[in-house]
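Right, one structure below, let's go through it.
These values consider heavy atoms only, across backbone and side chains, with no hydrogens, waters or symmetry-generated copies.
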Amino acid sequence: MAKHIILLTLVALSFNLLAFAFEPSPLQDFCVADSTSSARVNGQPCKNPALVQASDFSFSGLHLPGNTSNPNGSKVTPVSIAQLPALNTLGISMVRIDYAPWGINPPHTHPRATEILTVLEGSLEVGFVTSNPDNSLITKTLQKGDVFVFPVGLIHFQRNVGTGNAVAIAALSSQNPGVITNCECSFGSKPDVSSDILAKAFQVDKSVVDQLQAKF
């Protein structure tokens, strides 16, 4: 009997830990973010419900192509709490991603969100890498209408493998998923990570690290 009680306790604790890993459920119908408040909470303070308007729940602009004239050849247009205040406490956000021919959304992670991506136009090579020690690459080429999911916290990427522009819409399981772009974090930090550390970590000559840091 005691063993069963211990087992049930461990199971309950496991579920509790899992719940704490994700954003809590809201305790009211909505909590439109009050951008004028100086209060600091996990999220944003709630706007007075009497002052809420339909515009707090609406965003316009995802029909507009993003400017892909940059080294990556891609543009991410976010719809998170900054653009849509009513997302506050709802645990969801979205982005539009535009890709020039052979443009990439470089390897990055979302520390607080799983991402589900749908291709609207074009062909995309997508993939993610599993965690240590396996580091397995899971990759697939998607066509218009295809859907792919990137698990929370894992490094992932997309590349346009078509001859024309490509467009995707992605939803993320956080109002503020965060983005950690691997190359920018490694070589573009302020101040710089020591080139000696990076050279040893990437097993390259220090001059290579210096060249990469100069680009970021």
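- Here Q175 contributes atom CD and N88 contributes atom CG; the two are 4.5 Å apart, rounded to the nearest 0.5 Å.
- Legend: disulfide bond (SG atoms under 2.5 Å apart) pairs involving residues 180-216, not counting sequence neighbours: none detected.
- Here the closest heavy-atom approach between residue R112 and residue V152 is recorded as C-CG2, 4.0 Å.
- Using a 4.5 Å cut-off between side-chain heavy atoms of Ile, Leu, Val, Met, Phe, Trp and Tyr, with links allowed through other members, I138 and V149 fall into different hydrophobic clusters.
- Residue pairs meeting the salt bridge (charged side-chain N to carboxylate O under 4.0 Å, His left out) criterion with at least one partner in residues 47-65, sequence neighbours excluded, are K47-D56.
- Annotation: the span from I155 atom CD1 to T109 atom OG1 amounts to 7.0 Å, rounded to 0.5 Å.
- Pairs of residues two or more places apart, or lying in two chains, never qualify as side chain to side chain donor-acceptor pair (under 3.5 Å) while including a residue from residues 178-190.
- Every pair passing disulfide bond (SG atoms under 2.5 Å apart) that includes a residue from residues 25-63 is listed here, sequence neighbours excluded: C31-C46.
- Using a distance-only test at 3.5 Å, with no hydrogens or angles considered, no donor-acceptor pair links the side chain of D134 to the main chain of S136.
- Side-chain contacts under 4.5 Å among hydrophobic residues (ILVMFWY), followed directly or transitively, place I81 with no other residue at all.
- In this structure, I104 is not a member of the same hydrophobic cluster as V119, with clusters built from ILVMFWY side-chain heavy atoms closer than 4.5 Å.
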Criterion side chain to side chain donor-acceptor pair (under 3.5 Å) on S69 and N67, from CA distance to verdict: CA-CA 6 Å; S69 299; N67 183 0; 3.2 Å; yes
Chi angles and distances behind the side chain to side chain contact (heavy atoms under 4.5 Å, CB included) call for V126, H156: CA-CA 7 Å; V126 304; H156 59 284; over 6 Å; no
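- Scanning all heavy atoms of the two residues, the minimum distance from R159 to E125 falls at NH2-OE1, 2.6 Å.
- Taking all atoms of both residues into account, the shortest heavy-atom contact from S173 to A113 is OG-CA, 3.5 Å.
- Atom CG of residue N165 and atom OG of residue S74 lie 11.5 Å apart, to the nearest 0.5 angstrom.
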Check against side chain to side chain contact (heavy atoms under 4.5 Å, CB included), V32 and Q53: CA-CA 9 Å; V32 173; Q53 301 175 346; over 6 Å; no
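- Clustering of Ile, Leu, Val, Met, Phe, Trp and Tyr by side-chain heavy atoms under 4.5 Å joins V204 with F187, V193, I197, L198, F202, V208, V209, L212, F216.
- Clustering of Ile, Leu, Val, Met, Phe, Trp and Tyr side chains at separations under 4.5 Å places F157 together with V129, L137.
- The hydrophobic clustering, which links ILVMFWY residues whose side-chain heavy atoms are closer than 4.5 Å, places V79 and L117 apart.
- Under a 4.0 Å N-O distance rule, the pair D210/K206 qualifies as a salt bridge.
- L64 is not listed as a side-chain neighbour of R96, based on a closest heavy-atom distance of 4.5 Å or more.
- Taking a 4.5 Å side-chain heavy-atom cut-off between Ile, Leu, Val, Met, Phe, Trp and Tyr, the cluster of W102 extends to V161.
- E115 approaches A170 most closely through the heavy-atom pair OE2-CB, 3.3 Å.
- Here the closest non-hydrogen pair linking Q158 and I97 is OE1-CD1, 3.6 Å.
- Side-chain contact, T36 with D34: a donor N or O sits under 3.5 Å from an acceptor N or O.
- Under the 4.5 Å side-chain heavy-atom criterion for grouping Ile, Leu, Val, Met, Phe, Trp and Tyr, L87 is connected to M94 within one hydrophobic cluster.
- With sequence neighbours excluded, no residue satisfies side chain to side chain contact (heavy atoms under 4.5 Å, CB included) with K215.
- S207 and D205 form a side-chain donor-acceptor contact under 3.5 Å, judged by distance and modelled atom types alone.
- Annotation: side chain of H110 is in contact with side chain of V179 (closest heavy-atom distance under 4.5 Å).
- Both L172 and V76 sit in one connected hydrophobic cluster of ILVMFWY residues. Membership requires side-chain heavy atoms under 4.5 Å apart, directly or through other members.
- Between the OG atom in S60 and the CD atom in Q83 there is a gap of 12.5 Å [rounded to 0.5 Å].
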Evaluation steps, side chain to side chain contact (heavy atoms under 4.5 Å, CB included), between N160 and L124: CA-CA 5 Å; N160 181 1; L124 291 179; 4.2 Å; yes
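- What you find for A39 and P45 is that their closest heavy atoms are CB-CG, 3.7 Å.
- By the 4.5 Å heavy-atom criterion applied to side chains, P78 and S93 are not counted as neighbours.
- Note on residues 108-159: no pairs pass disulfide bond (SG atoms under 2.5 Å apart), not counting sequence neighbours.
- Among residues two or more places apart in sequence or in another chain, the ring-ring contact (aromatic ring centres under 6.0 Å, His included) test is passed with F30 by F57.
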Taking distance alone, no hydrogens or angles, what donor-acceptor pairs closer than 3.5 Å link side-chain atoms of residues 141-148 to residues at least two apart or in another chain?
{"residue": "Q143", "atom": "OE1", "partner": "S123", "partner atom": "OG", "Å": "2.6"}
{"residue": "K144", "atom": "NZ", "partner": "E121", "partner atom": "OE2", "Å": "3.4"}
{"residue": "D146", "atom": "OD2", "partner": "Q143", "partner atom": "N", "Å": "2.7"}

